[in-house]
S.K.: 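My questions all concern the structure below.
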Number of protein chains: 2
Amino acid sequence: MAKTTTSKPAAAARQRGVTMNDVAKHAGVSRTAVSFVLSNRENASISEETRARINEAVQALGYRPNAGARALASQRSDWYGIVTEIVTAPFAVDIIKGAQDQAWLDRKFLLIAPSDQADAVGPNQGLEDAATEKLLEQRVEGLLYAATFHRGVHVPESTKEVPTVLINCFDADGKLPSIVPDERAGGRVAVERLLQAGHRRIGVINLDPDIPAAIGRLAGAREALAEAGLELDPGLVVPGYATADGGYEAACRILDRYPQEDRPTALFCLNDRMAMGAYDAIKERGLTIPGDIAVIGFDNQELIAAYLRPKLTTVALPFEKMGALGVQTLAALTAGQPIIADQQLVGCPLLERSSV
Amino acid sequence: MAKTTTSKPAAAARQRGVTMNDVAKHAGVSRTAVSFVLSNRENASISEETRARINEAVQALGYRPNAGARALASQRSDWYGIVTEIVTAPFAVDIIKGAQDQAWLDRKFLLIAPSDQADAVGPNQGLEDAATEKLLEQRVEGLLYAATFHRGVHVPESTKEVPTVLINCFDADGKLPSIVPDERAGGRVAVERLLQAGHRRIGVINLDPDIPAAIGRLAGAREALAEAGLELDPGLVVPGYATADGGYEAACRILDRYPQEDRPTALFCLNDRMAMGAYDAIKERGLTIPGDIAVIGFDNQELIAAYLRPKLTTVALPFEKMGALGVQTLAALTAGQPIIADQQLVGCPLLERSSV
DNA sequence: CAGGATAGGTAACGCGCGTTACTTGGTGCG
DNA sequence: CGCACCAAGTAACGCGCGTTACCTATCCTG
């Protein structure tokens, strides 16, 4: 396995551009022939022998196709673009990973353009126009928009020029197809798990009640309870800021509100950060997890859920899957297939750890 | 602000490609003239009037330059490529953000290519070749390699064809310039902070002692102690797995090893995950933070450090800055400037929160 | 043995744009 | 009036490649 210094290819390529012409000359054929074998044409009509000679020449010269020129000539770029503020927020970066991997499989290149967070809070909630523009200049074949958290967004007009799919967000004013987590089913599976463990009095630490995550997860929780013939005691639902401190305070309120015999035996925290705070509130009172109080979270923020003590049982947001599905959907659209559904829901799997 | 439906531009552009020729016709000039005003040539010699006419035509038709064609003709792509496994690991995604933002400022486009984690553990520790190859096919002007954690890497041979900079890693066998965190200075500032708070017996929860992070941070800690006329008691340095559990166990050992009067009054945890575990060990013993034991971490993993109770004082890894500096360095190299230094160290700032 | 059908190629155009060389009409100057 | 000069603009080439139309030799068929 001695590393021979026969890296002539690299040396040759370094001097600014081995082209198909060079390959053709080296192999003693026309450039067209080279193009044919490199693109594996069906009706090839190139003899095995010259095909081999050409491949040798490619190796020998270290030829590397010029993607730009190819795109120009063939009128297709093999690029998708994704506009996202996610780069800023490690939280949902798995969307990108899922999309990347899927694109890679389809031999597409994913161009990632950052979207200014600034816009996201302003009156125009749209993801950034400049990024979209840049991507269109690259002649991407399709566009993806990905948000850090599930919400409605406004998308730039120019988007209408190419197929577009939204991930973890939905078109607030149009009909663009979108991929979003099935919050309701997620809330349901969480509470079902608690019921299955024998809990009957379940406290819920809520998020801002107006966002899709809160609406869906709470509805799911109610469904699960209803099926068990139970109702959600309004006193057991407390709102919290979406932080550890918020979770701590909410948990304190919920735990101190009732005499011990009425105290909930389980807490459904609508996100993991709040669960983190709830842990402190519970431990502070000399209670154990899950012995005295079971806790279940949502989001599966690895850095928290997998490192809390005991490890947090939680419902995962399917970021990676959403990213992959987004690319698949986009591929279908660019291939001219009709839109399957305006909104595709992706399941949120329960991750069993040790807090229930 | 009524939204008029005068989106003729979009409509015009939709039908596959408004070109410079179309603009030229619409403005009644030659394509060359259009090219000149769009690229803002110095020796323009285009009258203000026709320049205006051309710009109007651009607006009217919704013309958008074709980046690929431009690259082909001008022989420069305005693209940098970054090969990284970071997409997989939210941990260091800020490197990408920093690089993105800087590239955006320089009007460059950053192509992000995923690197298979698989390779990173194998005997060939190199970041993936396929990704590099793909990027070179796009004719990127420069390459960046970014790793999730500070270490030596092997880079594909083909890399030598364009300027290359390593971020958060260094070339294990060559001379490629790299940007890495100043671990030593970071360790030093952490311990200095503890000393300043009056601590004299400081425990250290170490990482795998062979990795650059551990070597540097520990050396820095020793330096700070030496300057205060102190030495690091070997019994106070315990190794730990780089997880919360590892930190918990290490903290238990260190806390239980000494009678109360000899017990360290502060713990320097070489990463935040271990600090998270140390918190539990401390609280379990009925001790308070920072009253009885001060804790300082490293890495500034926001999801942990900012949400622990009390919030964790820690030393930040300058991911975003490293990303930006990487792009700046690359810009200098592509501009033909000589390499400043083989290895640029970036400072690790102390983030004061509430655990010291 | 004429005629067509194939295998095995090649010449040449165009993708959209940057760029260099060239043209043209007007103006200043001796 | 003749010449140089400049502002204003254009024709035309080439970037590297995909693709279509064409061309030539060989083989088969009737």
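Lettering follows sequence order; numbering is per chain, from 1. Please read these numbers as outputs of a predicted model, since none were measured by experiment.
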S.K.: Tell me what A:Thr50 touches on the nucleic acid: a base, only sugar-phosphate, or nothing, going by heavy atoms under 4.0 Å.
M.R.: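 Contact class for A:Thr50: sugar-phosphate only.
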S.K.: On DNA chain C, compare the nucleotides closest to B:Phe36 and B:Ala69; which residue's is nearer the 5' end?
M.R.: B:Ala69
S.K.: Rounding to an integer number of Å, can you tell me how far B:Arg70 CZ sits from C:dG18 P?
M.R.: 5 Å
S.K.: For A:Lys321, is the NZ atom crowded, meaning more than 12 foreign heavy atoms sit under 6.0 Å from it?
M.R.: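 For A:Lys321, atom NZ is not crowded (no more than 12 foreign heavy atoms under 6.0 Å).
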S.K.: Please give me the minimum heavy-atom distance between B:Val23 and B:Val18, naming the atom from each residue.
M.R.: CG2-CG1, 4.4 Å
S.K.: Between B:Thr32 and B:Ser35, do the side chains contain a donor N or O and an acceptor N or O under 3.5 Å apart?
M.R.: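 Note: B:Ser35 and B:Thr32 side chains miss the donor-acceptor criterion.
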S.K.: Among C:dG18, D:dC17, C:dT10, find the nucleotide with the atom closest to the side chain of A:Val29.
M.R.: C:dT10
S.K.: For a quick check of understanding: with a heavy-atom distance under 4.0 Å over all strands, which category does B:Ser47 fall into, base, sugar-phosphate or nothing?
M.R.: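 Sugar-phosphate, backbone atoms only, no base.
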S.K.: Between A:Asn66 and A:Arg41, which residue's closest nucleotide on DNA chain D lies nearer the 5′ terminus?
M.R.: A:Asn66
S.K.: Can you spot which of B:Thr84, B:Ile82, B:Val155 makes a side-chain contact (heavy atoms from CB on, under 4.5 Å) with B:Tyr145?
M.R.: B:Val155
S.K.: Looking at C:dG8, D:dG18, C:dG16, which one has an atom nearest to any side-chain atom of A:Ser74?
M.R.: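 Between C:dG8, D:dG18, C:dG16, the one nearest the side chain of A:Ser74 would be D:dG18.
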S.K.: Rounded to the Å, how far apart are B:Asn40 CG and C:dT19 P?
M.R.: 13 Å
S.K.: Is A:Lys175 salt-bridged to A:Asp342, going by a charged N under 4.0 Å from an acidic O?
M.R.: yes
S.K.: Roughly how many Å is it from CD in A:Glu48 to P in C:dA7, rounded to a whole number?
M.R.: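 In whole Å, C:dA7 P and A:Glu48 CD are 14 Å from each other.
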S.K.: Compare the minimum distances between each of D:dC15, C:dT10, C:dG8 and the side chain of A:Ser45, then state the nucleotide with the smallest one.
M.R.: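 Among the listed nucleotides, the one closest to the side chain of A:Ser45 is C:dG8.
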S.K.: At less than 4.0 Å, is any side-chain N or O atom of A:Ser35 found next to OP1 or OP2 of D:dG18? Yes or no.
M.R.: yes
S.K.: Going by an N to O cut-off under 4.0 Å, is there a salt bridge joining B:Arg51 and B:Glu48?
M.R.: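 Counted as a salt bridge, because a side-chain N and a carboxylate O are separated by less than 4.0 Å.
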S.K.: Quick check for you: among C:dC13, C:dT10, C:dG18, whose closest atom lies nearest to any side-chain atom of A:Ala33?
M.R.: C:dT10
S.K.: Could you work out which one of C:dG9, D:dG16, C:dG16 sits closest to the side chain of B:Gln75?
M.R.: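 The closest nucleotide is D:dG16.
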S.K.: Round to a whole Å and report the spacing from CE of A:Met20 to P of D:dT19.
M.R.: 11 Å
S.K.: In terms of the nearest nucleotide of DNA chain D, which residue is placed more toward the 5' end: B:Ala73 or B:Ser30?
M.R.: B:Ser30
S.K.: A:Ile46 has a side chain; which of D:dT10, C:dG9, C:dG14 sits nearest to it?
M.R.: C:dG9
S.K.: Atom CZ of A:Arg139 and atom C1' of C:dG16: how far apart are they, to the nearest Å?
M.R.: 9 Å
S.K.: Using the side-chain heavy atoms of A:Leu72, tell me which of these nucleotides is nearest: C:dG16, C:dG18, D:dG18.
M.R.: C:dG16
S.K.: Could you tell me the separation between the CZ atom of B:Arg31 and the C1' atom of D:dC13, rounded to a whole number of Å?
M.R.: 11 Å
S.K.: Between atom CZ in A:Arg64 and atom P in D:dC15, what is the gap in whole Å?
M.R.: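 Rounding to the nearest Å, CZ of A:Arg64 and P of D:dC15 are 19 Å apart.
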S.K.: Rounded to whole angstrom units, what separation is found between the CG atom of B:Leu38 and the P atom of C:dG16?
M.R.: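 Taking atom P of C:dG16 as the reference, CG of B:Leu38 is at 15 Å.
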